[in-house]
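The next block holds one structure in the form of structure tokens; read it before the comments.
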There are 2 protein chains.
Amino acid sequence: MMRKAGAKRVSGEDRTRIPWSNIPKPSLERLAQYHQIAIRAGEDGNENLSSVSLSEILGVDETLVRKDMASVGIVGKPRVGYSTGQIINKLEEILGLSQHTDAVLIGCGGIGSALLRYPGFRKYGLRISAAFDADFAKVNQRVGDYVILPMEKCRSVINTFRVKVAILAVPADAAQEMADWLVRRGVQAIWNFAPIHLRVPAGIVVRNENLALGLADLIHHLRRNNMEKEDGARTR
Amino acid sequence: MMRKAGAKRVSGEDRTRIPWSNIPKPSLERLAQYHQIAIRAGEDGNENLSSVSLSEILGVDETLVRKDMASVGIVGKPRVGYSTGQIINKLEEILGLSQHTDAVLIGCGGIGSALLRYPGFRKYGLRISAAFDADFAKVNQRVGDYVILPMEKCRSVINTFRVKVAILAVPADAAQEMADWLVRRGVQAIWNFAPIHLRVPAGIVVRNENLALGLADLIHHLRRNNMEKEDGARTR
DNA sequence: ATTATATCGTGAAATGTATCACGATATAAA
DNA sequence: TTTATATCGTGATACATTTCACGATATAAT
Ligand SMILES: NC(=O)c1ccc[n+]([C@@H]2O[C@H](COP(=O)([O-])OP(=O)(O)OC[C@H]3O[C@@H](n4cnc5c(N)ncnc54)[C@H](O)[C@@H]3O)[C@@H](O)[C@H]2O)c1
Ligand SMILES: NC(=O)c1ccc[n+]([C@@H]2O[C@H](COP(=O)([O-])OP(=O)(O)OC[C@H]3O[C@@H](n4cnc5c(N)ncnc54)[C@H](O)[C@@H]3O)[C@@H](O)[C@H]2O)c1
């Protein structure tokens, strides 16, 4: 029958109800975007953001923005909007970005190296403890601030730093096997860049960052658009 | 008010109804995954794939898989499943992967270089015509099979090869401006890796590959999981 | 002080998506 | 040949998410 991993039984009465137990997936994605937008708005000196401006930036309905905000306890003022600071603080708390998150990175190829060198994720509390590769030719090479370590060191790093998150940037063939291994070592969340949908035990969090799906989606819409144009031209 | 870009009025009577005019977004994402899975299954020598196996790989309901297949005209056989070949062919047709797609890549930094060197997108019909960067220090350097060109050559490449797709891997500050410029030059689809939601005129296709959102999502779920565990421990 | 209005907040309705329940059918087994 | 069964196909139903409609309120203008 197959129960969705991590499915939640929401006990009816729950005095300690915390808002983020239950945020719908689409809403969560938007919340993360509000956060990004609020940070940039703050940098530009805007102290407030209205549901209308947010809705225009993201191309969604303004009511939806207000519902999202209400759902996480961000309150706005009529004629003013939401406080940029409150959006940032509340969302960082809810998204879990206010605490540091330690991670290991596996696979220092093209994508892995780009991620290692990218400073942007520090704002999300991400701290990459160490980077690993199976290729001995890469071991001991430097990438950004890191020196690539051999896989046999991975186990002890995970244990020592109690790492709960792995960034997986290895070839597709190795990804599932690697994921299984990481889970056995105590990793609880995997950010996967290989173009396969990883299967993990219930309770383990996976985010499959399958770029090829994005490309397929883009091409599909492009073709559809062009078809319509031709179609229109023929018809009228 | 705000009308969603590219919104479609589906004329009631339409003899030339083509399946891919109307595929729901979640369904489209799954279809692209079926395609990936079918390709790997084919390489492993499996001639058939059942809705059950697909549903287990992706963690979705098996009925959903059958509905998806039916929606694009892929028909299966009782007790056998769907033909791997039919899945691949039909989905490549529908996703538009059977035709070549020319693209330019803007911004040859960490992500841009990784994309340039990655061979995997060729299977999706993607052909990167040329890669550009604004940094003169990078111009003329090689990345994989490419030599980085200066931005001033971009216009003529787009015109000459009638490029309709741009891969945008520039810093967030430059992304919207760059997108506007590309649209003015005739680009119809943008695959954006900068962590902002690009705004484009109706009729232009954008896919925002906002990796930071993925990270935020992952961290959120990890925290939620851990909270639940603690919560459970305290309660029982 | 009064009025106007931009904006928030929210229940109700509409829409979109997934699941259930069950009949049909092709293959394998008896 | 007959029976059993794994799997497909699909209408009906349930669930999730968005949009609509409208009242409430804080600020700015008069
Ligand atoms: N580069 C891209 O643009 C891109 C795009 C989409 C998807 N991906 C996917 O991302 C993943 C990485 O891509 P890439 O371009 O960086 O590939 P890559 O070949 O450049 O790097 C992969 C790295 O993983 C290492 N590796 C292989 N097996 C390993 C193992 N078992 N344990 C540890 N390390 C191992 C290799 O030595 C190599 O350094 C692949 O699954 C690829 O399909 C990449
Ligand atoms: N590297 C990552 O892991 C990562 C992760 C998430 C998001 N991103 C985003 O992807 C984008 C690229 O990231 P990166 O790590 O490759 O950055 P990077 O700084 O390594 O590369 C950016 C490249 O763009 C070029 N550039 C700058 N302005 C330009 C312009 N106007 N026209 C053309 N080229 C220009 C720069 O010269 C540089 O080569 C950024 O928006 C970043 O936020 C990167």
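Note on naming: letters A, B, ... go to the chains in the order of the sequence lines (proteins, then strands), and numbering restarts at 1 for each one.
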Euclidean distance, atom CG of residue A:Leu31 to atom C1' of D:dT17 [Å, nearest integer]: 14 Å

Rounded to whole Å, the CG-P distance (B:Asn48 to C:dA26) equals 15 Å

For nucleotides 3-13 of chain D, give me one character per nucleotide, 5' to 3': B if any protein heavy atom sits under 4.0 Å from the base, S if the only such contacts are to the sugar-phosphate, - if neither. --BBBBBBBB-

Roughly how many Å is it from CG in B:Asp68 to C1' in C:dA18, rounded to a whole number? 10 Å

May I ask you to say whether A:Arg207 pairs ionically with A:Glu209, meaning some side-chain N is under 4.0 Å from a carboxylate O? yes

Can you measure A:Leu64 atom CG to C:dT10 atom C1' for me and round it to whole angstrom units? 13 Å

Any ion pair linking A:Lys25 and A:Glu29 (charged N to carboxylate O, less than 4.0 Å)? no

Any chance the side chains of B:Arg66 and B:Ser55 put a donor and an acceptor closer than 3.5 Å? no

When the side chains of residues 43-50 of chain B are checked against the rest of the protein, which donor-acceptor pairs come out under 3.5 Å, sequence neighbours left out?
from    : atom 1 : to      : atom 2 : distance (Å)
B:Ser50 : OG     : B:Val52 : N      : 3.4
B:Ser50 : OG     : B:Ser53 : N      : 3.1
B:Ser50 : OG     : B:Ser53 : OG     : 3.2

Checking side-chain contact (heavy atoms from CB on, under 4.5 Å) against A:Ile88, which of A:Gln36, A:His35, A:Glu93 comes through? A:His35

Whether the A:Asp217 and A:His221 side chains hold a donor-acceptor pair (N or O, under 3.5 Å, no angle test) is what I'd like checked. yes

May I have the distance from B:Asp61 (atom CG) to D:dA16 (atom C1'), rounded to whole angstrom? 15 Å

